[in-house]
Amino acid sequence: MRCLIVDDSRVIRAVARKILEARGYEVEEAEEAGDGLDACRSWQPDLVLLEWQLPDMSGIEFVELLPRHCEGKMPKVVFCSSEGSYASIEAAVQAGAAEYIMKPFDSDVFDSKLKMAGLQ
Amino acid sequence: MKREEFDFFSGLAKQRAGYVFAPDQVYVIESRLARVAQRNQCRDPGQLVDLVRRAPDGDVARDVVDALIAKDTYFFRHAEMFRRLRETILPRIQIQRTEQRKLRVWSAACATGQEAYSVAMILDQMAIELAGWSIEIVATDLNRKLVERAAKGLYNRFEVQRGLPVRMLLKFFGEAADEQWQLAERIRSMVTFREANLLQPATDLGAFDVILCRNVLGSFDAEGQAATLDRLAGTLNDGGILILGDGENIAGLTERFLPFEGLDGIYMRPAAAQRVSTPQAPGAAAPGASQASA
């Protein structure tokens, strides 16, 4: 399984990478949405772990642009953000997110969310 | 921790809650009591022993027992069991109780209530099928503080993210203060929380169609397990279903239940006419080693 982490926080990328690699995922990282969308086209991940607000666009915009960058194989999107309002989570789900992780999280939460998204 | 201190605390857990600690679980008791000791300014376990001895029925003794009993639980723990509950068990009970149109569920050793509320959410999703039915979920725990907390239906970010799909969070919860989430009133009102000890008869709770007693029997010795199963059988209606934790079984402990459709850890109390002595398969009586509540 391949996971692309799209998050402008180096710390979060490092923590998520550690958890995902321990579960057998191949991991790539992108700091900005544009790079993330390019990686979706070239690397074709199974999962995109996505921050709510990125430097160049919002996570919702990223999800909306995703079909244009994926030929046939759409990755599942799991938001992972400190933005944890009802409205934000609802917007993410309506945009097509499979799951939503509110920061801070621990490995139990991470495992649970990946399982519920059908990724474990 | 000295051996006599371990003996004191493990004896207290056994006497008050039926919990049994193995001799090599000194570290478990030490870690579970660390915060209680700190709160009561005890510099060593011996001072905590003295406080409990001075007031065996006091708040400190209660805090010690509460701390000794693990409380780990989460929504839809062992999701496969909840799928069976929804697809197999509840439809069967629905047929059995179609005349009475009454369904009662008991979540025993409910801790912070996630199991009881998981059942409530499933029943809410069956609202059309169960229109006109009287539905009651009773959830009990020995720990009064947990019962009071559970009744509020308030959970933090970590708790609402373990086992609970995001769509169910949106459907059944609303935001509350301090980054907490609260279950909708219609779900909370389906569950009645009560303080109760599994070591004591549960006759005042009434009769149930489904009992969930998961991940608690493994903390009892064989005698405690058998006695508890006997009490649970006494509160189940004919044809009622007992659900134990993943890996738990009743082999060698009681003959008051029959296996239910070959599902692991799920048993049925037979109707009076079916109650015959059924030989149990020999095997390990002790359920799983977990001491966590469901």
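No experiment lies behind these values; they were computed from the predicted model shown. Order of the sequence lines fixes the chain letters, A, B, ..., with proteins taken first and strands second; residue numbering starts at 1 for each chain.
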Could you report the tightest heavy-atom contact between [X] and [Y], atom names first, then the distance?
X: A:Asp108; Y: B:Arg162; result: CB-NE, 3.7 Å
X: B:Gln161; Y: A:Val109; result: CB-CG1, 3.6 Å
X: B:Gly163; Y: A:Ser112; result: N-OG, 2.6 Å

Is [X] atom [atom1] crowded by more than 12 heavy atoms from other residues, nucleotides or ligands, each under 6.0 Å away?
X: B:Lys171; atom1: NZ; answer: yes
X: B:Arg35; atom1: CZ; answer: no
X: B:Asp264; atom1: CG; answer: no
X: B:Glu185; atom1: CD; answer: yes

Discussion item. Can you tell me which portion of B:Phe173 sits under 4.5 Å from chain A's heavy atoms? Options are side chain, backbone, both or neither.
Written reply: backbone
Between [X] and chain B, with a heavy-atom cut-off of 4.5 Å, which part of the residue counts as in contact: side chain, backbone, both or neither?
X: A:Ala117; result: neither
X: A:Ala97; result: backbone
X: A:Tyr86; result: both

Worksheet item: Counting distance only, does the side-chain N/O of B:Arg157 pair as donor-acceptor with the main-chain N or O of A:Lys103 below 3.5 Å?
Response: yes
Worksheet entry | Check: B:Pro165 and A:Glu99 side chains under 4.5 Å, non-hydrogen atoms | yes
Worksheet item: With side chains defined as the heavy atoms from C-beta onward, is the minimum distance between B:Val160 and A:Met102 less than 4.5 Å?
Response: yes
Discussion item. What verdict does the side-chain contact (heavy atoms from CB on, under 4.5 Å) test give for B:Glu175 and A:Ser85, after you've listed the backbone C-alpha separation in whole Å, the side-chain angles of each residue and the deciding distance to 0.1 Å?
Written reply: CA-CA 7 Å; B:Glu175 284 179 272; A:Ser85 69; 3.9 Å; yes
Response to the item:
Interatomic distance, CZ@B:Arg167 vs CE@A:Met116, rounded to 0.5 Å, equals 11.5 Å
